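All values reported here derive from a predicted model rather than from experimental measurement.
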Amino acid sequence: MLVRSALPWVRRGSRRDAGRPSGAALRYRAPALLGAALALLLGCSGAAQAPPARAARVVKTPPAQPKAPEGPPLLPAHVIAELDDEDATPYLARRGDEALLLYAAGGRWRTRVLGADGAPRGEAMEAGPAAADVPVAALRATPQGYIAAWIEQNEGSRAVRVLSLDPAGKPVAPASLVAQTAEEITWLDVLPNAAGALVLWEMPREDRVDVVMTVVAQGKGAASKPTAPASVAREVLGWHAVATERGAAVALVLPRAAQPPRAERKPTRKADAEEAAEAGKLGSIALLEIDAAGKVSAPVAVSPEPTAQIDLEIAAVGGRYLLTWTDERDIDSAVYVAAVEPGGKVVVAPRQATPPSGEQALVSLVAPAEGGGRALLAWEDLLRARGGDREGGGAEARGAGRLIHLASVGPDGALSAERAALVFSASGPPDLAADGDGFAAVTLAPAALKADRGGTAAPPVWPTFVRFGPDLSVRAAEPVRAAPFAATDGVPYLVRGLSCHKGACATLASAAAGAGAQPGGAGKAGAAGARAPLALVSLPVRESAWRAPAFREDRDPPPRATAVRALVEGDHIARVAAAELDGGAALSAWVTYFVEGASDGAPRGQDLAATVAVRAASPGGLGKLNVLSQKASSLGGVAIAAAPPPAADPKGKGGAAQGESVLAWVARERGETQVYVTKVDATGAKLAQKKLTTAARKKPGGAPSEASDVAIAYDGAGGFIVAWVDTRDGNAEVYAARIDRALNRTAPDRRITNAPLDAAEVQIAVRGQEAWLVWSDARPAGDGASGGPGGAGGPSGEASGDIFLARLDAKTLQRVGDEVRLHASPEHSRSPVLAPLEGGVVVGWVDEPAGESAPGGGAPAGGIARFVRLDNSGAAQGAPVAVAGPDGAAVSSVALACDKVCRGVLASAPGDSVVLNALTLSPGDAAAPSLKPLAWLTGSASQDVSPVFAGRSGASLFFADDSVSGSGRVRWMTIAWP
């Protein structure tokens with residue numbers, strides 16, 4: 001690959017608000033969740049590293065490994081050279097059925113011709129002197145032979161040299177000095193054509209680069225002298241080039257036009273300055289062509305919007321140029337594609353390559369094999385399940401590494417329906433190549449035998465090859481192990497240079513210095529233990545006992561996430577709410593975190609607090625973002641309920657075409673909090689707003705009272721019931737009120753609870769003529785509330801923090817029956833959710849240890865979720881079902897939706913981030929349901945992501961997450977269920 005201008009493992013996505021704090025010093029409902037970080041292994045290139053903007057396809061075996069599995073055969077291999085340095089970089093170019101190896105040894109360039117089977121044809125021959133410091137070199141086949149070029153560094157000077165070779169690898173003439181300068185030269189490649197080659201290199205200019213070239217003509221006789229350096233492009237952000245028979249096509253990322261230095265355009269806040277600086281790292285996409293004589297065409301605009309990251313790649317596909325890059329024109333970064341015909345006509349305008357899936361990052365674009373019709377697009381979804389053990393298209397993820405998604409792409413820019421995924425347990429990109437009508441990959445992944453299912457020992461992480469068919473099914477896969485590396489269980493130190501020809505694939509592999517080849521290998525490797533043997537390892541299609549680190553992703557059965565979109569980006573999110581509308585649409589509302597005295601965003605003299613906002617989401621796209629208030633209380637939360645269109649009066653008047661929704665939230669004004677209700681239409685636009693409570697908040701000599709934890713539900717009779725937690729009477733108690741469609745109160749505030757300790761996190765659902773409330777209450781055990789099933793409960797008089805239920809008459813809000821403690825336990829029960837189900841409701845919550853450890857049989861150290869079904873009288877139907885997070889990970893929150901069955905999502909933290917897992921609960925189930933990962937989030941493990949379903953089907957999930965840059969986002973996930 002010529003240019004990798006941005007490393008795929010660098011955290012991408014929008015960089016807006018990147019400098020803001022990663023968390024708010026505000027009270028969380030869930031404690032911080034800590035875990036060990038997933039250790040990802042970094043591949044390296046050579047003794048002199050390529051600059052960070054270039055990601056070499058090198059797979060480096062980790063030094064510390066578990067015991068190797070025994071039994072499977074090794075791969076065929078030929079030792080073809082010895083390297084002075086174990087990190088030295090060899091170069092291989094294929095030409096017909098032969099290949100040429102170029103490497104440096106003993107201060108000289110050496111070449112060696114290899115046959116179709118990888119065996120050397122004759123001895124290596126000298127090709128000229130080699131400098132001690134060559135950070136980058138390239139070798140390419142041409143119709144007349146080969147052309148090599150490299151960068152030399154010597155005492156602060158940089159030079160570019162070019163060498164022409166005949167088909168036998170013999171120099172046609174001594175290497176030519178093309179350029180010499182005291183400035184940096186950071187990258188170089190050779191682009192062959194019918195008449196010779198173009199050699200392009202890169203010279204950095206602070207945060208931009210210049211692209212320079214020379215023309216090398218190569219005839220049957222002596223090679224002509226390369227032309228003087230000439231400019232291709234100046235001060236671009238990124239570039240990538242592809243060779244053509246006519247010359248080359250160069251794709252460019254151009255910086256946005258400079259703004260006039262007017263004083264009024266200077267950033268007024270630090271965040272604004274950071275945003276302006278990061279926006280300068282995005283650019284527009286253009287394309288230019290160079291003919292074989294070096295004539296450069298004018299750039300043609302491909303994507304004029306300055307929203308492209310600098311990871312642009314280009315490939316020739318079906319007579320067109322296919323361009324792809326990571327784009328930030330929407331909130332989430334996404335992989336975009338465009339197609340251009342030779343001459344510069346844009347035939348496929350820029351478009352998103354895949355359905356929305358949260359933040360994406362481009363990994364690679366691999367051109368098809370000669371005569372092939374489809375390229376390979378590789379990308380990473382930062383919110384999808386990580387790589388792991390998947391059998392038969394299953395989706396069990398075990399954190400084995402990144403999951404690289406693969407799809408073939410044609411000249412029209414359309415991706416295939418067939419999708420594959422490749423596990424890569426390292427940073428950077430895997431090595432990918434076209435393989436006849438399919439593709440091949442060398443990745444770094446756990447190496448396990450198919451027969452070793454259920455083993456507790458971690459498998460070793462080895463370089464592994466995968467051969468894919470044209471439909472991306474796995475043809476073959478096994479670790480790269482060969483006899484020359486028997487001293488290290490057959491596993492080489494470095495693997496690079498994957499190439500395929502006529503259905504045969506091979507890769508270069510080298511041992512660490514001193515780990516010489518075993519007897520029977522070709523050459524003299526192993527002498528004195530000072531040199532590193534280099535082998536060409538064949539990668540055949542054959543039956544294998546090894547488990548493949550790849551699978552057909554489109555065969556993954558539900559539940560699975562089908563799309564993920566961001567609704568907003570900015571401040572961190574405290575609470576998310578959602579309601580289902582007609583036609584598959586939904587409204588999502590949220591409130592941000594705000595710490596009084598810690599915000600720099602309020603203009604002088606203006607009283608600002610948290611922001612409460614709402615946005616519509618539907619299959620047709622996202623609606624307008626509606627900010628309802630910037631004076632909200634984060635602890636107040638936010639809730640939303642939708643009502644059907646009002647019925648017409650007997651004369652046929654007064655009806656409405658669309659329903660209305662009401663939000664409940666808490667405003668903070670002049671230091672006091674009150675509950676507000678806001679009516680919005682189907683687009684989220686505000687129709688009316690009123691203050692629901694008018695309680696006196698300031699208390700002489702004491703702390704002011706607070707309102708928090710709002711909840712709301714449509715009462716089925718044209719009104720709404722609002723519940724919240726209030727400290728107006730001393731400790732925190734649950735209150736409720738009823739309003740009509742005009743937001744007028746139809747029932748006064750009613751205190752629902754009366755207990756010595758605090759209540760919190762009330763939730764509400766309406767069933768027929770009753771409103772059911774659940775909440776977390778710290779009242780002592782044995783205080784008179786009806787007991788629920790299960791659990792030993794704490795000693796009498798000791799606060800246990802359990803979940804309670806109260807049933808209210810929906811009109812009067814009078815209590816129906818006694819309060820019920822749903823589950824008495826020594827754990828701290830919090831974050832309840834409830835969902836109506838035929839014949840009753842299902843209630844879920846999170847139990848976490850009240851102390852350092854729970855008494856016998858209690859929740860594990862991180863906490864679990866519990867679910868219990870209640871009948872129409874509120875009586876529990878059996879003991880609660882306990883569901884632990886994957887591998888004992890701490891459960892932080894739960895979302896629940898019930899129709900004929902109940903569907904849930906658990907948020908847990910198995911490591912340093914949060915994973916969303918799907919589950920299904922059928923009526924009568926007593927055993928814990930299985931979990932399937934939907935997505936690994938990009939935010940911190942300490943974040944309460946507040947997942948919530950819109951509607952009873954569970955098809956739309958809304959949740960909070962931090963972007964990779966650190967800013968807060970509300971995301972909408974659509975889920976396919978069985």
Side-chain angles (χ1 to χ4, degrees), residues 27 574-575 577 589-591 594 596 607-612 614 628-641 643 661-680 686-700 702-715 719-755 758-764 766 771 773-777 806 808-815:
R27 176 165 62 106
R575 183 64 55 187
W590 58 89
V591 62
F594 180 84
E596 291 189 54
D607 184 19
L608 292 186
T611 296
V612 60
V614 62
L628 303 182
S629 176
Q630 291 182 289
K631 298 181 179 181
S633 164
S634 298
L635 294 180
V638 65
I640 184 171
S661 301
V662 176
L663 279 77
W665 53 284
V666 176
R668 181 176 295 278
E669 295 178 307
R670 295 182 295 276
E672 293 187 356
T673 58
Q674 302 290 351
V675 178
Y676 276 71
V677 285
T678 304
K679 181 166 63 174
V680 298
K686 181 165 64 176
L687 301 176
Q689 182 169 291
K690 288 189 178 181
K691 183 186 294 187
L692 182 65
T693 62
T694 56
R697 296 299 183 186
K698 295 183 179 179
K699 295 182 178 181
S705 65
E706 297 281 342
S708 63
D709 294 344
V710 295
I712 189 171
Y714 177 62
D715 67 1
F720 297 84
I721 299 175
V722 184
W724 68 97
V725 173
D726 206 310
T727 61
R728 66 180 69 174
D729 295 322
N731 58 309
E733 301 288 354
V734 176
Y735 284 74
R738 189 173 183 272
I739 58 174
D740 60 17
R741 282 182 179 270
L743 307 184
N744 297 315
R745 188 193 306 270
T746 59
D749 296 3
R750 183 173 297 279
R751 179 172 171 177
I752 307 302
T753 60
N754 187 8
D758 290 341
E761 301 177 299
V762 62
Q763 297 290 309
I764 184 172
V766 173
L773 275 63
V774 294
W775 67 94
S776 174
D777 205 313
L808 310 179
D809 181 276
K811 284 188 177 181
T812 65
L813 302 185
Q814 295 281 358
R815 186 181 298 168

Leu663 versus Val677: any side-chain heavy-atom pair under 4.5 Å?
-> no

Answer yes or no: is there a donor N or O on one side and an acceptor on the other, between the side chain of Ser629 and the main chain of Val612, under 3.5 Å?
-> no

Does some side-chain heavy atom of Lys631 sit less than 4.5 Å from a side-chain heavy atom of Arg668?
-> no

Quick one: are Ile739 and Thr746 in side-chain contact, heavy atoms under 4.5 Å?
-> no

Mark yes or no for whether Asp777, through its side chain, and Ala760, through its backbone, hold a donor-acceptor pair below 3.5 Å.
-> no

Which value, rounded to the nearest 0.5 Å, describes the distance between Leu743 atom CG and Gln689 atom CD?
-> 9.0 Å

Closest heavy-atom pair, Ala696 versus Ser705, reported as atoms and distance to 0.1 Å, is O-OG, 3.6 Å

Which atom of Arg750 lies closest to which atom of Thr812, heavy atoms considered = NE-O, 3.3 Å

What do the steps show when you test Arg697 against Thr673 for side chain to side chain contact (heavy atoms under 4.5 Å, CB included), and what is the final call?
-> CA-CA 7 Å; Arg697 296 299 183 186; Thr673 58; 4.3 Å; yes

Do Lys691 side-chain atoms and Gln674 backbone N/O form a donor-acceptor pair below 3.5 Å?
-> no

Which atom pair, heavy atoms only, marks the closest approach of Ala639 to Ala711?
-> CB-CA, 3.7 Å

Are any of the side-chain nitrogens in Arg751 or Asp726 under 4.0 Å away from the carboxylate oxygens of its partner?
-> no

In Å, rounded to the nearest 0.5 Å, how long is the span from OG of Ser661 to CD1 of Ile640?
-> 5.0 Å

Polar side chain donor-acceptor pair, Thr678 to Trp665, under 3.5 angstrom = yes

Side chain to side chain contact (heavy atoms under 4.5 Å, CB included) between Lys690 and Asn744: does it pass, once the steps are laid out?
-> CA-CA 8 Å; Lys690 288 189 178 181; Asn744 297 315; 2.3 Å; yes

Can you name the nearest heavy-atom pair linking Val762 to Asp709, along with the distance?
-> CG1-O, 3.2 Å

Does Glu672 reach the side chain of Glu706, with side-chain heavy atoms less than 4.5 Å apart?
-> no

Distance-minimising heavy-atom pair for Ile712 and Ala664 | CB-CB, 4.2 Å

Do Val675 and Val710 come within less than 4.5 Å of each other through their side chains, counting heavy atoms only?
-> yes

For residues Leu628 and Tyr676, determine if any side-chain heavy atom of one lies less than 4.5 Å from a side-chain heavy atom of the other.
-> no

Look at the side chain of Arg738 and the backbone N and O of Ala810, then say whether any donor-acceptor pair between them is shorter than 3.5 Å.
-> yes

What are the two closest non-hydrogen atoms of Trp775 and Val734, and how far apart are they?
-> CG-CG2, 3.9 Å

If you round to the nearest 0.5 Å, how far is OH of Tyr735 from CG of Leu773?
-> 14.0 Å

Side chain to side chain contact (heavy atoms under 4.5 Å, CB included) between Trp724 and Thr693: does it pass, once the steps are laid out?
-> CA-CA 10 Å; Trp724 68 97; Thr693 62; 3.4 Å; yes

Could you tell me whether a side-chain N or O of Ser634 sits under 3.5 Å from a main-chain N or O of Ala574, the two making a donor and an acceptor?
-> no

pair Arg728-Asp749: side-chain heavy atoms closer than 4.5 Å = yes

Step by step, work out the side chain to side chain contact (heavy atoms under 4.5 Å, CB included) result for Leu808 and Ile752.
-> CA-CA 9 Å; Leu808 310 179; Ile752 307 302; 3.7 Å; yes

Are Ile764 and Ile721 side-chain neighbours, meaning at least one heavy-atom pair lies under 4.5 Å?
-> yes

